**Student:** 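Can you read through this structure? Questions will come right after.
The analysis underlying the following values was restricted to heavy atoms, covering all of them including side chains, and did not include hydrogens, waters or symmetry mates. Source: prediction; values computed, not measured.
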Amino acid sequence: MGFFCSEEMDLCLLLLHMENAFDCLMELGHYGGMQFNNVFDEDHIMNGLYTKRVVLCSDLLRIVDYLEAQLKHADIKEVYYADVDTVHRPRESNIIRYDHKLRRVHEEATSVIEHVTTLEKRYNYMIEKNFALRHANEFLEVKRNSKAQLVYTESSIINLLRDQSQIEGHSSQLNYILGSIHVEKFPAFELLIYRFYGRNVLVRHTDSPRTSTNSKGQQKEMPPKYVVLLMTTAAAFRHKLLKICQAFQVVIFECPESPTQRMLMIEQLAKDINDLELVLGETRKAHERLLTIIANDLYIMRINLRKSLRIYDLLNRLYPIGPQDRKKYLQVECFTPKMLTDEVRRVLNNGIHATGDEEKYTAPLLIKRTRPQRHMPPTYFQLNKFTQGFQNLIDAYGIADYRELNPAPYTIITFPFLFAIMFGDMGHGILLTLFACFMIFEEKRIEQENRTTVSENEIRNILYSGRYIILLMGIFSIYVGFIYNDIMSRPINLFGSSWSCVYNESTLMGMTSQLTLNSNDPKFYSGHPYPIGVDPIWKISGEDSITTFNSLKMKLAIILGIAQMMFGLTLSAVNCIHLKRKADLFLVVIPLIIFMMCLFCYLVFLIFFKWLTYGGLKQAPYNSACAPSVLITFIDMMLMKTTEMEVKTCNTGMFPHERTLEYVLVFIALAMVPVLLAGKPIYLTCRQKQLMKHHRRHHNSEELHRSSRNTLKEMRSSLRYTIDFEDYDRRSSPKLYTLDDALEFDMSEIWIHSCIHTIESVLGSVSHTASYLRLWALSLAHSQLSDVLWNMVLERGLKNTLPIYFAVPILIAAFFVWSILTVAILVMMEGLSAFLHTLRLHWVEFQSKFFNGTGEPFRTFYFPPSTIRS
């Protein structure tokens, strides 16, 4: 029952010793099988015993993230360990070692980066200074014929500045200020110099070379700068100019006055730059060596620290017990599947054996609690890699209630079968099957890639998780395609057709109207149906083919739809018996089954009766001409009237006393509507009165409370619209749990919900039956698209009459286009469309009959397998 129905849950109390609680939970996290209650609520109070360790793990993880960013910047890859979850499991003693190692490495890496940053700043300063001095010389000198000639001498510049000034007291010495400024600040700087000094200060600038710096391990390019040269003859201006430069954050360079001294400084700077480049290169290599060493263990430490953080956070939420000054134990309430309880105990004990403390400290205790559960236990199913994909389809709609029947086992068969009804083609089914088999055979490689690749391929992961669904969809499509006798829109004649063509060539050449095959003539029809599937004659019979397949697939859709809905109602009855909901069984489910059987199951009976009774080569009134329309018959049944047959030799009904039987069935179906409407409210009203009588006689008695709880249990379960289990707090009770709340129960709400449920059930039976006609529509569309691609693309390449050197390339091109369109449109697009419609049929039409889907998932404390992205 582990898959057909959720596993039974044990409400347990876990008792851990503080000294080995970490190691026990570490073992439990790698196994799973336990859900802790109430510890992760927003209003939960922490015990504060492990707050420092939570902060420690968070700080260490920040250091790990910092080092990981350094590795990415240095293009150094971490060493990935596939056995990190088995061999390298952390113990509590490892956290201190991680702390010492990471802080030491972080300190060394930080100091190296700071040293590199300082050297780079010095290097950039020297590069800018060297560039500035060279361009200052170039402004004053120019090389011509290998001899330096002065373009502007100091005396000419002094005279130029002196001619522009009316101020007395200018010296005969030229003053220089050389520096660098950010490009965006230069226009304002230049304008301010001009506003203050006019033409008494000569300003020259040029672009400075772009530099970069290492900031916290990240290489950043410095903003663009200008090299600025200020020249003036007024010594009094120099101090004010320096103030302005300071305001605009101009970096001032030392600039000797004589050309010889400038050249000597340039040569010295070149030597210093070369020496600094060597030192900077060695420092960067030391940084890379340090990162290479830490890359060997960084992945293990990151995974283990994240696990440790989760465990310490959990321990910080448990309840300490013991004397006020010596609390050595932690307790927590938890849910465990009954079948896994013994295994969970063994895993918890492994935490003690791993540390060798089994004699020193108390082993963890897992005690089953007997108090009544205040809320619905979580839902847990025993799954494997085959059933996981189908369970994911159900969980996407809703989680099953505790101990409620699981739709997934039945979906394994019904889902691919209904998909195949819409997608039925042997060729397309083979393509799906081959694709699914490829993914199944490559399971290990795909899983290894998912664990070791940095980027996650979401589309591949979705297809991989549903590989067994695709496999069954392909197999069922092959089967249904065989029934349809359709392979790439072409029929196959395996058993010989039951039809024959007796028209000769002269009849065909001279025909003036459309020729047909008469099913009542033995010359055309042998009377023996095709053994398996559809006769291949219908694929080549033109418009008759569409008419025949339309009728067949439409009736098939109705039969399958009603069969699945009745199966859903049967599961609803089983659910009521399993959960002991007698009121739901007799007042809701059985009346609805009778309603469906009287109307829609009778419609299915008419379809089969027509197929078995009427046909070719039969005498009137059971020949094909006398076959009545099932749709008209069903409409007459609902309207309680009789439609006369056009052929007088035909019977009015399909069988004797048909109309009387139909009147009885309609009367029974209509009689079920008041039962659906008023049955459950009346039942709850009687239980309400009974509860009030007990309240008057046995106030506050134990028997009264027990009766109250039983009544409320049925109230909560009725129709799946009454009171469900509420989220609860550890110190409070759920809604309507006490007797006073039960006595104040408002029956008007039940009547309203009962009315809504009755309308939904009656109208939904009609709309859901009509919804299954999508099986017919999509199957017909898929078949017609396949015919169009064959006739409009591939057949033209096969039937071209050009010479062979033209015909072969045309055939290859036609086959290539046809295969691409077949895969893209018929397999992928049509397959996705059929998948979504099948999913809707299961979620709405099938599961609504018996599936509640308001349960809580089993949120186990579990560490998923680590990947390189973890």
**Student:** Below 6.0 angstrom between ring centroids: does that apply to Tyr410 and Phe567?
**Tutor:** yes
**Student:** For Leu836, I'd like to know if atom CG has over 12 heavy atoms of other residues, nucleotides or ligands within 6.0 Å.
**Tutor:** yes
**Student:** For Gln331 versus Leu13, what's the shortest heavy-atom pair and its separation?
**Tutor:** OE1-CD2, 3.8 Å
**Student:** Phe858: what forms a ring pair (Phe, Tyr, Trp, His ring centres under 6.0 Å) with it, not counting sequence neighbours?
**Tutor:** Tyr380
**Student:** Once salt bridge (charged side-chain N to carboxylate O under 4.0 Å, His left out) is applied, what residue pairs with a partner in residues 563-574 remain, sequence neighbours excluded?
**Tutor:** none
**Student:** Using a 3.5 Å distance criterion without hydrogens, assess whether the side chain of Asn461 forms a donor-acceptor pair with backbone atoms of Asn457.
**Tutor:** yes
**Student:** Sequence neighbours left out, what pairs pass salt bridge (charged side-chain N to carboxylate O under 4.0 Å, His left out) with at least one residue falling in residues 753-763?
**Tutor:** none
**Student:** For the residue pair His837 and Arg774, confirm or rule out a side-chain donor-acceptor distance under 3.5 Å.
**Tutor:** yes
**Student:** Would you mind checking if Arg346 and Asp342 are paired as a salt bridge, meaning a charged N to carboxylate O distance below 4.0 Å?
**Tutor:** no
**Student:** Got a donor-acceptor contact below 3.5 angstrom from the Thr838 side chain to the Phe415 backbone?
**Tutor:** no
**Student:** Would you check if there is a donor-acceptor pair between the side chains of His428 and Ser477 at a distance under 3.5 Å?
**Tutor:** no
**Student:** How far apart are the C-alpha atoms of Thr379 and Asp401, what are their side-chain angles, what is the distance that settles it, and do they pass the side chain to side chain donor-acceptor pair (under 3.5 Å) test?
**Tutor:** CA-CA 7 Å; Thr379 301; Asp401 290 350; over 6 Å; no
**Student:** Around atom OH of Tyr479, are there more than 12 heavy atoms from other residues, nucleotides or ligands closer than 6.0 Å?
**Tutor:** no
**Student:** Keeping Thr570 on the side-chain end and Met566 on the backbone end, is there a donor-acceptor pair under 3.5 Å?
**Tutor:** yes
